[in-house]
Amino acid sequence: MASAEQNPVTLHHHKLYNRTILLARKIHGDVASLLESYVEKQGLDRTICLDSVDGVPSAATQPEGEMTAAERLGAGLQAYRAFQALLGEVLEEQRTHLTPLDTDFHASIHSVLLQVQALARQLEELLGCDRLAWEAAGPPALGGLSLFQMKLRGLKVLQELAHWAVRTVRDLHQVATHSPGSGPARGCQVQA
Amino acid sequence: PKEPVLMCRSNNYPKGFYCSWHLPSPTYIPNTFNITVMHGPRELVCEKDAFPKNRCHIRYHQLFSTVKYKVTLTVTNALGHTHTALIFREFTIIKPDPPENVVAKPVANNPRRLEVRWQNPSSWPDPESFPLKFFLRYRPLILDQWQHVELSDGTSHTITDAYAGKEYIIQVAAKDNDIGTWSDWSVAAHATPWMEEPKHLTTEAQAAETTTSGTSSFLPPPTTKNCDLEAVVGSGATALTWAAGLGLAAAGILFI
């Protein structure tokens with residue numbers, strides 16, 4: 001009887017799952033560190049209420065929702081695509097308005113942005129999504145926000161991203177555990 | 001009443017969390033406690049335990065939410081009322097129970113190794129989706145200095161730098177891989193590394209015999225040992241002979 005582990009396609013996806021889990025965990029760790037320096041540099045209190053900040057994908061989900069594995073990962077992919085644009089905006093706001101001289105800080109944000117791009121690509125591969133079907137957001141739409149609102153939105157972006165990363169780790173663990181030896185969670189159910 | 005002490009913790013993430021409370025000093029009159037749990041604008045039910053009465057449980061209606069929880073506890077008695085509140089996010093109150101069934105065993109033929117095994121806390125409901133990492137500490141009983149090892153996966157570890165022949169005390173703590181805080185330390189396990197079987201215990205005379213056997217002219221002749229043995233047996237025999245003689249004499253007297 002052929003073992004599922006011996007299938008090269010399965011092996012590839014097993015490795016891809018593990019790599020994606022590691023990347024999501026790395027993003028969570030890096031964003032947690034970034035959050036610490038963010039609140040310090042912007043002079044914010046971490047307990048500040050961010051309920052009024054909108055336009056950031058919420059990681060909150062039903063504990064026992066009825067989404068399939070593919071739908072859950074698809075929701076994650078959609079969120080990370082949005083975060084690419086949002087992190088680009090946050091980076092631009094920091095460079096232009098908030099911390100123009102703090103290049104190390106900008107590099108930290110940029111590093112997270114690159115990791116989010118990589119995570120989105122890996123999720124696309126797992127889901128069998130066509131990357132060409134999705135175009136990255138255009139240049140950041142700056143303007144319209146006060147400096148304080150920019151600070152708050154940046155904090156909200158990082159907080160939600162940290163939670164999304166943990167949610168993705170959970171989703172990937174569940175898919176990997178409940179469909180051992182199977183291929184990817186096929187079904188690119190993502191709105192382009 | 002004085003302001004009550006309130007604590008909330010999730011030891012069964014992602015199912016829910018519990019809050020418990022107590023008064024810092026007794027009031028000697030009846031008190032009633034009222035607890036409300038808000039998640040953003042939504043009020044959640046906190047189901048009270050029959051026992052202990054100062055605890056209630058909340059099920060998560062959302063996971064991975066960045067919206068804060070606010071738990072307010074009000075204590076009321078005949079003299080008035082007071083309250084306290086906790087505000088926290090989902091991830092910050094996650095703290096697993098300590099690992100269970102920690103067992104340490106010596107490793108055969110390895111005088112510096114101890115194999116330690118444990119189990120996930122049974123209260124942690126989904127270790128596949130939310131794997132735990134572990135922290136192990138160990139020390140010989142005779143020293144105060146702990147050694148520490150952090151382990152990202154698995155529920156066993158082999159200590160390789162134990163002092164030969166020393167009894168060790170070993171404890172393990174657990175934490176979700178990414179979120180929350182470390183559990184308390186587990187119940188301690190004790191073990192001593194493997195030791196070579198001690199040589200067969202011998203008397204001083206036997207030891208001398210063994211070490212010099214066939215090599216020395218001072219070796220006492222085998223008969224010496226035999227004689228000793230015979231002497232012991234002979235004593236017994238003598239006693240038996242004496243008893244038998246006594247019996248014969250008694251029979252002779254009766255016969256006469």
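Here is the naming used below: chain letters follow the sequence lines, and residue numbers restart at 1 for every chain. Just so it is clear, the values below take in all heavy atoms, side chains as well, and ignore hydrogens, waters and symmetry mates.
Interface remark: B/Lys68 contributes side-chain atoms only to the contact with chain A (heavy atom separation under 4.5 Å). If you measure heavy-atom distances from B/Asp126 to chain A, the contacts under 4.5 Å come from the side chain alone. When heavy atoms are compared at a cutoff of 4.5 Å, A/Thr61 approaches chain B by way of both its backbone and its side chain. Only the side chain of B/Phe91 has a heavy atom closer than 4.5 Å to any heavy atom of chain A.
A tilted orientation is assigned to the rings of B/His148 and B/Trp185, their planes being inclined by 30° to 60°. In this structure, B/Tyr18 and B/His57 have tilted ring planes: the angle between them lies in the 30° to 60° band.
A salt bridge is defined here as a Lys NZ or Arg NE, NH1 or NH2 lying under 4.0 Å from an Asp or Glu carboxylate O, and B/Asp153 with B/Lys133 fails to meet this definition. Between A/Asp30 and A/Lys26, at least one side-chain N (NZ, or NE/NH1/NH2) sits under 4.0 Å from a carboxylate O, which counts as a salt bridge.
Top candidate by heavy-atom pairs under 4.5 Å with chain B, chosen from A/Val169, A/Thr47, A/Asp51, is A/Thr47.
Residue B/Arg117 places its CZ atom among 12 or fewer non-hydrogen atoms of other residues, nucleotides or ligands, all under 6.0 Å distant.
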